[in-house]
Amino acid sequence: MKPTLKIFLILLLWVPVYLSAYSVPTPAKDELITVLLSDEQLNALISKKNYGSPSSPNGVCYGMDRTNYALLTQIHFEPGYRDTASVIENKILTAYRNNAPQNIHGFKNLKEFTETMEKGWDKFYNPLRRAVEQIQNEQNPFSNAYKMLMRTKRILYHGTDAITAESKALMYYLTAKSPVSIGIFNWGIGHALTVIGFSQKLDQLGNRFIDTFYVLDSNTPWEVQKLTIRKQDPGTSQEKAYWYYEEWEDDAVFSPYVFLVFDFPTEWDKIVGDSRFEFHQHLHPDLLEDAKKIDPLLLTFRGF
């Protein structure tokens with residue numbers, strides 16, 4: 001093989017990996033996965049993996065998570081003369097802090113913007129990276145501690161019913177087209193995720209209890225991850241339920257059994273979500289011919 005052709009093929013293989021973000025895993029043959037983001041939206045998100053910054057050495061997961069949400073919901077892109085780096089940073093921060101729609105000039109769409117920013121990620125003044133790190137620094141640790149305390153009280157008083165209530169709350173907002181920002185915690189360590197969808201068994205469509213959710217995780221920006229509810233001693237007086245994060249299943253540091261805390265989306269989040277997100281269904285490739293016959297019965301969840 002000629003050296004130039006070999007180099008071209010290597011680049012051809014490398015570029016999509018570097019420039020593509022989250023994808024939905026292939027569903028099992030008995031499963032329907034529903035997510036709020038289209039493949040185009042998922043592919044346009046920040047594909048850089050979570051990293052430590054000087055001001056947040058343990059990671060900037062919250063900053064990446066909330067920046068992605070602001071980019072999806074509050075920012076429009078317009079081609080033409082490009083905004084300066086400081087203007088771009090300020091517009092992202094304004095979108096995040098004030099829920100204020102912003103127009104960033106010089107890019108035709110979100111994908112072109114994130115690709116351009118990631119190519120220059122290590123530049124001294126990268127506006128996307130600076131916005132991520134600034135938003136990370138604005139996270140309120142006292143608020144998280146309070147939410148963990150209140151959540152612990154609910155578990156002590158209500159046990160498994162508290163987990164069921166959390167599942168119903170997530171479903172209420174997902175069916176209102178509102179992705180939900182959550183924190184998962186164990187051993188005193190927290191991590192920010194965004195819940196964007198859920199899974200149902202094909203023979204249980206319409207079931208009012210959902211135990212499998214899909215999340216964006218900046219630690220694995222190439223694929224959405226699964227957060228599930230697992231039960232011990234089901235159907236007995238000793239039944240207990242736990243949130244289980246499969247990505248941490250084989251982790252030497254983190255336990256996959258996690259505490260979950262979240263803020264309810266605001267009315268503004270629901271208005272914006274209705275204009276920016278839709279329900280996107282994913283089936284096993286062998287079942288695509290039957291896709292039109294499947295009704296996810298999403299409206300049944302609005303009663304929560």
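- Counting heavy atoms from C-beta on, the side chains of Leu72 and Leu37 come closer than 4.5 Å.
- In this structure, Glu78 does not pair ionically with Lys91, as no charged nitrogen and carboxylate oxygen lie closer than 4.0 Å.
- Under 4.0 Å is where a charged nitrogen must lie from a carboxylate oxygen, and between Glu133 and Arg129 at least one such pair does.
- Counted by atom type alone, Tyr69 and Asp269 present one or more donor-acceptor pairs between their side chains at under 3.5 Å.
- Because its NZ or CZ atom is both nearer than 6.0 Å to the ring centre of Phe279 and within 45° of the ring axis, Lys177 counts as a cation-pi partner of that residue.
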For this session: Show the numbers, then the answer: is there a side chain to side chain donor-acceptor pair (under 3.5 Å) between Gln134 and Glu138?
Result: CA-CA 7 Å; Gln134 181 61 33; Glu138 295 179 12; 3.2 Å; yes
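- Checked against the 6.0 Å centroid threshold, Phe185 and Phe259 do not count as a close aromatic pair.
- For the pair Lys231 and Phe209, the distance from NZ or CZ to the six-membered ring centre is under 6.0 Å and the angle to the ring normal is within 45 degrees.
- Here the two rings, on Tyr257 and Tyr244, have centers that are under 6.0 Å apart.
- Side chain to side chain, His284 and Asp30 fail the donor-acceptor criterion of an N or O pair below 3.5 Å.
- Annotation for Lys49: atom NZ does not count as buried by contact number, only 12 or fewer foreign heavy atoms lying within 6.0 Å.
- Between the side chains of Tyr214 and Glu223, no donor N or O sits under 3.5 Å from an acceptor N or O.
- Here the closest non-hydrogen pair linking Ile33 and Pro25 is CD1-O, 3.9 Å.
- The shortest non-hydrogen separation linking Gln136 to Gly59 is NE2-O, 3.5 Å.
- Checking each of Leu71, Asn43, Asn68 against Leu110 for a side-chain contact (heavy atoms from CB on, under 4.5 Å) leaves exactly one that passes, namely Leu71.
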For this session: Determine, stepwise, if the pair Glu31 / Lys201 fulfils salt bridge (charged side-chain N to carboxylate O under 4.0 Å, His left out).
Result: CA-CA 5 Å; Glu31 178 185 31; Lys201 296 297 185 182; 5.9 Å; no
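- The shortest side-chain heavy-atom distance between Phe277 and Ile196 does not fall under the 4.5 Å cut-off.
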Problem set entry | Test log, rule side chain to side chain donor-acceptor pair (under 3.5 Å), inputs His191 and Asp217 | CA-CA 9 Å; His191 186 47; Asp217 182 346; 2.6 Å; yes
